[in-house]
Structures are given as C-alpha cells and as structure tokens.
Amino acid sequence: MVFFPLAPEVLSKIDLDSTLYSGQSFRWRSTEQGHCGVLGDDVLRINLIGGGVDLQSAPSDPEYVFPRLASYLRLDDDLTAIQNEIDVDSRIHWAIDSYRGLRLLRQDPWECLVAFICSATSNIPRISRTMEAIAGAYGSPIDFGSERRYTFPGPERLIDVSERAFRELGMGFRARYLVSAVEMVHQKFDLMRMREYSYEETYPLLLQFPGVGEKIADCTMLFSLEKLRAFPIDRWVHRAISEWYPEVSSFSYRDLQNWAFDYFGSYAGYAQMYLFHARRTLGHINASAFAK
DNA sequence: TCCTCTCCTTGCTT
DNA sequence: AAAGCAAGGAGAG
C-alpha cells in the first residue's frame, strides 16, 4: 500500500462511489478494504482518505500504476472549470451541485465498447455480471491477496469464440453483435487511434458495428475516446429532458444531440452524466422546483 | 429521410 | 407470482 497525496481542491472533486458505480464502468467492486477493480493488466484497490489516496496494486507496483489511475479518473480535467462552463441554468445547476465529485472516466475503448454493446435493454447489475463472466472465461487471472480477478480479454483472445459461447455467458441477443465487433476490431478498426479523430469522424466508424447505434456510439466516445461533447441519451436522460427541459422533449435523438452541444457546450458529456445520475438517484423533481 | 412498431434475451424488481 | 423494466438496435412498413 502506497499513499499518494492530492491537492485539497482535487480531492474535493472525487467521489468514487458515484463515479465508479454509476453505469459508465462495470468492473469495480466495493469491499471493506476499498474499491477493487482491474486496470489493464493490474488489479487495484483504492481508498480515498484525508489528503490523498491509498493505492494497492498487483502485479505492478503502485508507483507505476498511479499515473494510470490518475489518467483513468481524468484528474487532468479541471472539474471546477468544466462544472462552471456547463452550469447554464438552475436545473443543471441542481444536478451538478448534488454530485460535485462525480467524474467522467477515461476507459479502455475496447472494454468500453463491449460493455455498452452488452448494455442494450439491460441493467447495470447484469452488465457487470456479463463483463465479469467474459473476463473470467477469457481473461488472465491475477491473484490479489485472497481474491482473484481477471484482465479483460482483447479481441485477439476472443477471435475464435462462438456466438453460442457468448450466449452461454448470458449475453442473449447481443452475443452475435460481440462476435462481429471482435472480428472488426481484430481486422481493421483501431479503436485507440479514434482518440485522435474528431467527433464527426468517429461517429460513422462506430455506427458500422452491428448492435451499435447512436446511443452506444455516444457512450463509447464519451467514456473512452475523448469526445466530451458526446451526449448519450438513454431512458433516464430522456426522462430528465422531458421533465426538466419540456421545450425540447419532442426532439429526435439527433436534434437533441445538437441541442445539447449548443446549450451546454463542448463539455456536454459531463452535463449528461450529471443529468443521468440526478434523474436516476434523486428521482423526479418537477421543473417548478428549480425556480430560483 | 424520418417516424413508429415489433422483436430480440434474461434476470432483477415489485 | 405475473408483469414491468433495464445506460438499445435492427428491420419492416
């Protein structure tokens, strides 16, 4: 265990409970010893304490892992500035103010794409279970104290896996989508390179994947490909919009995307996170309650 | 081009 | 306990 100090203004903007378990990432587990997850080839256990973070990791040392964790948590984002930029009305203000430490994550694009292919008409506990099943079946084991976790398998490890085998892991109708995604990424799609592409360039590439429509493309871009203007609209965000922004509630998906970019700006994706989390955890609040 | 409807799996919740 | 619901997408009409 190694302690890494963090500046108070950074620390006050990190809420691991809302960040790690809010439906952007699916392989963190909350234990009595801390938050346990897998980053690349390493298992991590992290605890936020006064003044910084305690980090355990294996097989790599915490000194090597910490910069990766910092990148994963997007500590390079100036969250205060971003929150100020998207804080354009009393409704989003209330959502932001409820979760000042809720952050976007910078995830691995492949794992993120697979997770959101799994997410179609599913729910967070089940997505977690499926992702863990894929890792358990095809990843590499890493022993960490008394527990064993698994790396998430890259496409090269899944290239010979059948649709039937994926179905047996509980993927349902999404199994054939994963078979296609494995082939496409293995053969020609360089997901990591899409980090350098623009939002407009990346969108049509992701839409070529069977089982990936606008929403899942937006999730992949926002959570792993550095497209912070991406504004995924799922049932919860749609609910939040229809209740809190009735003036645009009848817009199509594409029109809502454009509206969100115009309205919230280039960090619209952060606004989406706050709206999603607020609507999901705090429930319906009538727009009149925002009168300030 | 764009909307609407149905189907696709499964497990957790009420 | 049967029905509803869950970070949707594809295809038909």
Side-chain angles (χ1 to χ4, degrees), chain A residues 17-28 95 99 102-105 107-109 111-134 136-137 162-182 184 203-225 227-244 248-260 268-284:
Chain A
D17 283 316
S18 62
T19 300
L20 299 179
Y21 308 104
S22 57
Q24 33 174 344
S25 178
F26 301 93
R27 294 192 64 211
W28 288 93
Y99 299 100
L102 174 59
R103 316 180 65 87
L104 286 172
L105 296 171
Q107 302 185 61
D108 172 72
E111 182 171 341
C112 186
L113 176 65
V114 175
F116 283 95
I117 285 175
C118 290
S119 76
T121 337
S122 191
N123 52 63
I124 293 172
R126 185 181 171 195
I127 301 164
S128 299
R129 204 177 50 75
T130 307
M131 291 296 283
E132 205 61 37
I134 295 171
S162 66
E163 175 183 338
R164 182 197 181 101
F166 285 139
R167 276 182 181 267
E168 285 170 0
L169 296 179
M171 290 198 65
F173 64 88
R174 310 159 195 86
R176 67 185 174 88
Y177 299 151
L178 182 52
V179 170
S180 299
V182 167
M184 292 168 70
Y203 217 145
L205 295 177
L206 292 177
L207 292 180
Q208 290 180 42
F209 287 80
V212 177
E214 295 167 306
K215 193 271 176 182
I216 291 178
D218 277 331
C219 285
T220 305
M221 287 194 285
L222 179 60
F223 301 140
S224 71
L225 294 177
K227 311 296 179 270
L228 299 194
R229 63 148 288 187
F231 191 84
I233 302 161
D234 76 313
R235 301 168 195 246
W236 293 105
V237 174
H238 194 79
R239 242 167 255 175
I241 288 174
S242 58
E243 290 166 5
W244 304 339
V248 296
S249 60
S250 63
F251 282 19
S252 69
Y253 192 101
R254 213 167 279 274
D255 287 341
L256 279 175
Q257 275 181 137
N258 294 327
W259 167 79
Y270 263 105
Q272 186 272 2
M273 275 297 294
Y274 292 112
L275 291 174
F276 171 81
H277 202 65
R279 184 59 187 82
R280 211 169 79 89
T281 61
L282 301 176
H284 171 70

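Keep in mind it's a predicted model, so treat the numbers as computed, not measured. Letters go in sequence order (proteins before strands), and every chain restarts at 1.
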- Message: On a heavy-atom basis, which atom in A/Pro232 and which in A/Gln272 lie closest, and how many Å separate them?
- Response: O-NE2, 2.9 Å
- Message: For a 4.5 angstrom cut-off between non-hydrogen side-chain atoms, does A/Ser22 reach A/Arg280?
- Response: no
- If we take the P atom in both B/dC7 and C/dG4, what is their distance in whole Å? 15 Å
- First locate atom OG of A/Ser25, then atom CD of A/Gln107, and finally report the distance between them rounded to the nearest 0.5 Å. 4.5 Å
- Query: Starting at the 5' end of DNA chain C and moving along, which residue's nearest nucleotide shows up first, A/Pro210 or A/Pro232?
  - Reply: A/Pro232
- Write down the distance between CZ (A/Phe173) and P (B/dC7), rounded to a whole number of angstrom. 14 Å
- Query: For the side chain of A/Trp236, counting heavy atoms from C-beta on, which of C/dG8, C/dA7, B/dG11 is nearest?
  - Reply: C/dA7
- Task: Considering only atom P, compute the distance from B/dC3 to C/dA7 and round it to an integer number of Å.
- Result: 25 Å
- Between C1' of B/dG11 and CD of A/Glu168, the distance in whole Å: 17 Å
- Query: Rounded to the nearest Å, what distance is computed from the CZ atom of residue A/Phe116 to the P atom of nucleotide C/dA7?
  - Reply: 10 Å
- Task: Please determine if a side-chain N or O atom of A/Arg167 lies less than 4.0 Å away from the OP1 or OP2 oxygen of B/dT9.
- Result: yes
- Query: How long is the line joining CD1 of A/Ile233 and C1' of C/dG9, in whole Å?
  - Reply: 15 Å
- Message: Nearest 0.5 angstrom please: A/Thr121 OG1 to A/Phe173 CZ, how far?
- Response: 4.0 Å
- Assign each of A/Ser122 and A/Gly211 the nucleotide of DNA chain C bearing its closest heavy atom; nearer the 5' end lies the nucleotide of A/Ser122
- Task: Round to a whole Å and report the spacing from CD1 of A/Ile124 to P of C/dG8.
- Result: 9 Å
- Query: Of all the nucleotides listed (C/dA6, C/dG9, C/dA7), which has the minimum atom distance to the side chain of A/Asp234?
  - Reply: C/dA7
- Task: Just name whichever nucleotide pairs with B/dT1, Watson-Crick or G-U, keeping both distances under 3.5 Å, else none.
- Result: none
- Query: Which residue lies toward the 5' end of DNA chain B, A/Met171 or A/Asp255, if each is placed at its nearest nucleotide?
  - Reply: A/Asp255
- At under 4.0 Å between heavy atoms, what does A/Phe209 touch on the DNA or RNA strands: base, sugar-phosphate, or nothing? sugar-phosphate
- For the pair A/Tyr274 (side chain) and A/Leu102 (backbone), establish whether a donor and an acceptor sit closer than 3.5 Å, ignoring hydrogens and angles. yes
- Message: Any side-chain N or O of A/Arg235 below 4.0 angstrom from OP1/OP2 of C/dA6?
- Response: yes
- Query: Of all the choices, C/dA7, B/dG11, B/dT9, which nucleotide is nearest to the side chain of A/Thr121 once you look at every atom?
  - Reply: B/dT9
- Query: Which one is paired to B/dT9, where only Watson-Crick or G-U wobble pairs with both distances under 3.5 angstrom count?
  - Reply: none
- Task: Could you state the atom-to-atom distance from CG of A/Asn123 to P of C/dA3 in whole Å?
- Result: 20 Å
- Query: Nearest-Å distance, CZ (A/Arg174) to C1' (C/dA10)?
  - Reply: 14 Å
- Task: Compute the ring centroids of A/Phe116 and A/Phe26, then answer whether they are less than 6.0 Å apart.
- Result: yes
- Task: Round to a whole Å and report the spacing from CZ of A/Arg176 to P of C/dG9.
- Result: 13 Å
- Hey, does A/Gly23 reach any base, or is it just sugar-phosphate, or nothing, if we go heavy atoms under 4.0 Å? base
- Message: Any side-chain N or O of A/Arg126 below 4.0 angstrom from OP1/OP2 of B/dT13?
- Response: no
